[in-house]
Structures are given as C-alpha cells and as structure tokens.
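Notes for the one structure printed next.
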2 protein chains.
Amino acid sequence: MDEQEKKILLVEDDPNFGTVLKDYLMMNDYAVVHAKNGMEGFEKFKKDDYDLCILDVMMPYKDGFTLAKEIREKNADVPIVFLTAKAMKEDVLKGYKVGADDYLNKPFDSEVLLMKIKAIMARKATDTVADSKQFEFKIGNFDLNSKLRFLTYKGGDQTKLSPKENELLRLLALHENDLMPRELALTKIWRDDNYFTSRSMDVYIAKLRKYLKVDDKVEILNIHGEGFRLVVNAD
Amino acid sequence: MDEQEKKILLVEDDPNFGTVLKDYLMMNDYAVVHAKNGMEGFEKFKKDDYDLCILDVMMPYKDGFTLAKEIREKNADVPIVFLTAKAMKEDVLKGYKVGADDYLNKPFDSEVLLMKIKAIMARKATDTVADSKQFEFKIGNFDLNSKLRFLTYKGGDQTKLSPKENELLRLLALHENDLMPRELALTKIWRDDNYFTSRSMDVYIAKLRKYLKVDDKVEILNIHGEGFRLVVNAD
DNA sequence: GTAGCATTTAACCTTACATTAACAAAATGC
DNA sequence: GCATTTTGTTAATGTAAGGTTAAATGCTAC
C-alpha cells in the first residue's frame, strides 16, 4: 500500500466549470476522473474504485440523484457530495435520503470544498485491516511477512525489506518452485519493461539472493530468457 | 448495538431557540442534553458519552470553536455540527479544521438538520472501529491509561502525556505489533495530511520513543513510506 | 500582563530506496 | 569459436522519507 493519491469521480455536465474544478482538485493532489454526464459517470464508476464522488445535481438525461442511487446500489460506502445551483430544501432532503455525505451550493468557495473533502476523507480513514490477500509466506527456513515487509530466518533474525525487495520476493513466493516470468515482475512491480527496469530488477534479484544465502536450501535460479524460479530444496 | 436512543449534546445560549430545538429533536427520538453556554457544555460533555454534539458558534465567554477544541482533546471521534448565524468563509474553514462534521447556517430548516443528523449517525454506524473504545493498554512493562493520559512504568513511575502524545500512543497500541499507517494518524489525530503535520507527527514519535526507552522490550519502528509499528518483544 | 505548557514550524541532517551506468560473466546461436 | 543477447555485480547518484533540534506560536491559567 503505497502513498496513493485519492481518486475522485467528478460528474459535471458544464464543460467549463467541470474542467476548472477538475484542475483545481488535481492541483491539490487528487486523482480526478471527469465524466460529462450521468451515463458516462456510472460507466466510469463501474470501471474503477473511487474514494469520493462529486455529482452535479442538474444534468440532462440522468440527474445527480438518479446517478447517486445507482452508485449506492453498487457501493454503499463511497462518500457522495452533491453540487447544486439552487438551494431548494426538497433537493437537499432528497440528497441526504440517497445518502449524501455533503452538499454544496454553487457558487461555492473552492477552499470550502477542499476542507469538506478532507473532512470526509478523514472520516473514511478507517483502519481497514489488511484485505485477506496473502501476505505471509514460508520459504524454507524463512518467513516472509509481506505486509510489514520483513523476512525472518528460523524465527530469529529479521531483515527489513524495501518495498521493491518485498514485492519481488512476494511474487517469487507466489510462484514457488515455478517460473516467475521476468515480464510479470516488470509489468506488475515496475509498470514498465525496458532495458533499465530490467537491469534494476536484476539488482533486486541480487539483493534477495544475498538475504536468502544463509539458507542453502533456498535459491533463486534464472531461466534464461524467461524469468526466475524460487526453489526450495528438500533437506 | 441495541435500540438505544442516540444522545445529543446541544450547546446553545439562546434560551428560546435552544428549547425549541431541543424539543424538536426529542420529538424525533433523540436524547438531548441542553447546555446554555460553552462552560456548561464542556462540563456536561465530560460527564457523559454523546453520539453527537451540536454547538452554536456565537456564544458568550466560550465560543463554539473553543469548545469544539476542548471536546476534541477528550474525544477525537465524536461528530460535531456547528450552528452559525453568519456564513463567513473563515468561520467555515475554522470549523472544518477543528474537525467539524457539518455546518448549518441559521436560520436553517429543521428537517434539513434532522437529515444531516441521520446522515452523520449512519456514517458513524458503518465506521468499523468507531466502537473501539479501548482506553487502557498494556505495552510491555508500561500501562497506558488513555483516558487520564498517563503512562506508568512497572506500576511505579508515571509520565503525564499531552493530548497528542496520548492519541498517538493509543493509536499505535491499537495496532500493536502491526502497521499503524502514517496516514491514519495524520487524518485521525491531525485531521490533515501535509508536510508540516507529517513533521509534527515525527516530533511526537520522537517524544514517545524517549518515554518508551526505559523499557528495551518496547520500540517504535518505522516502515519506510508506510507508517510505524509499536513492537513489544518477548523477554 | 507573563509564566508555563503544548504544539507547530523551520531548518537541517541522516538514512533508505530506487535508478543508472559501466562493466563482467554466462548463455545461446550461428 | 565468436558474436550477440541476457544476466550478474558494483558503485554513484538523486530523491524522498524520516529524524532531530530549537525557535516561534498559541493557549491557559495565574
């Protein structure tokens, strides 16, 4: 889990206002996806996970409330903020009914919006304890704790692993005794496959080999032109 | 949780308005305690646990913000809604900084307030750890009393902790031996995540490390780019 | 007011991490 | 064998994160 930007889905049909708002949010380190109408908004929502949705209420074809309802059916938790030109009481009530987290009347102050977003995100910051992805591995005499990024030898010595070391070893462990294609690591961990990332990966393979050296049952073999293989030999 | 009435602390100095609002909320099945000024509000807050605080901003002697800050020192989680006559941008920002959950301008529609309250309560309900009301921890040879904010070493030496020290150590203890994400502390305790709050947090980590130093089984480890880990080693 | 705290800000330092570069050594294919 | 590609190794460099310290600020209480 690295320093990820928070992802915001912004659904706003006014192209000028939408673009300005998007830029402003991006300047404040949010990753923003801008949909130009309700339909598009729902498509984009289904395709990805968002930390927050900002919906304009007044939109052609599919208004913000309808969209909010659809979003709620898919995901009961994602915070929703409505933008609205008029401050009609009925609208506000309707908004809270579909589970709005907040409400903003246009024109609104951008700093206020920012604070609201921060407040909502902070609320959300639950201690989501580790999704049950696999984070612990036994590798010969080693135990790899991939969440806390350390490698224990025979229950004793702990080696801290850097994020890349950790990811790489985890990927190898997931393919224990089997081929872990070079390309897999490069695309999954380095997100790019070129001469330099490849060289970088080799550097990390070397580091891992150094850590694993203390147990002579464990080794990382190269399969020329294919990838690597984490082998655990019997005693 | 059982079918308990939710308890609301209402702090409002205008006796007429306060009484009307209190009655209205009670009619809607909330248990309401009405304090007539900031001082009284804080006294009442300390005496009981509330699910929500509604604070008037403009009050003699102790305004709503000051009160909110005091409340926050005691309890970082309780939702706070401000009532204010004027909609000054600075005020709104100030409100969110002290951790407001919402903001209402007087005169406001009572139904809107009700919806907001419902929305906030619903949010709280889904907040998984909101109920982790644990205030006493054993950390190696230390005992942390997080309510009274002190740290005892081997039943003897007591160190008083400042509010921030206390919250931070508590958060670490809640995740003992596990990762306590940096971001979690920053959003929960500092309510903001930027370069300076991050540096501030480091200062507090240093303070805690100094306190904990006397017990060499206990340490706070950093996990680069992720957060911290309070480790208690076996003897 | 000012004394005494808690907290933030600021500057600065250290460490951790990832990449790059240059080169050596294997492996492969002809 | 020798040319080419792939892998291995080491060191340097750059940057980001974390750590430390002291001063500045803000608050409360006297």
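In this text, all values refer to a predicted model and were calculated from it rather than measured experimentally. The chains referred to below are lettered A, B, ... by the order of the sequence lines, with proteins before strands, and numbering in each begins at 1. Values below: every heavy atom of this structure, side chains too, minus hydrogens, waters and symmetry copies.
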Distance from [X] atom [atom1] to [Y] atom [atom2], nearest 0.5 Å?
X	Y	atom1	atom2	answer
B/Arg72	B/Glu167	CZ	CD	10.0 Å
B/Ile117	B/Leu52	CD1	CG	5.5 Å
B/Ile71	B/Leu55	CD1	CG	5.0 Å

[X] side chain vs [Y] backbone, donor-acceptor pair below 3.5 Å:
X	Y	answer
B/Thr197	B/Trp190	no
B/Arg170	B/Leu144	no
B/Arg229	B/Asn177	yes

Length of the [atom1]-[atom2] vector between [X] and [N], whole Å:
X	N	atom1	atom2	value
B/Arg182	C/dA16	CZ	P	15 Å
B/Leu208	C/dA6	CG	C1'	14 Å
B/Leu168	D/dG19	CG	P	12 Å
B/Ile223	D/dA16	CD1	C1'	17 Å
A/Leu186	D/dT6	CG	C1'	13 Å
B/Arg72	C/dA6	CZ	C1'	18 Å
B/Arg209	D/dT21	CZ	C1'	15 Å
B/Phe228	D/dA17	CZ	P	13 Å

Most 5' of B/Ile220 and A/Lys210 on DNA chain D, judged by nearest nucleotide: A/Lys210

Non-neighbouring partners of A/Asp216 that pass side chain to side chain donor-acceptor pair (under 3.5 Å), sequence neighbours left out: none

All side chain to side chain donor-acceptor pair (under 3.5 Å) counterparts of B/Glu219, not counting sequence neighbours: B/Asn233

Tabulate protein N/O versus nucleotide N/O from nucleotides 23-30 of chain D, keeping only pairs under 3.5 Å, one per line.
unit_1	atom_1	unit_2	atom_2	d
D/dC27	OP1	B/Lys69	NZ	3.4

Geometric class of the B/Phe142/B/Tyr153 ring pair [parallel <30°, tilted 30-60°, perpendicular >60°]: tilted

Side chain to side chain contact (heavy atoms under 4.5 Å, CB included) partners for A/Lys154, two or more places apart: A/Asn141

Sequence-aligned protein contact record of nucleotides 17-30 of chain C, with B where the base is within under 4.0 Å of a protein heavy atom and S where only the sugar-phosphate is: SBBBS-B---SS--

Base-pair map of DNA chain C as dot-bracket, where | denotes pairing with a different strand and pairs are Watson-Crick or G-U under 3.5 Å: ||||||||||||||||||||||||||||||

Single hit among B/Asp202, B/Asn222, B/Asp193 for side chain to side chain donor-acceptor pair (under 3.5 Å) with B/Arg182: B/Asp202

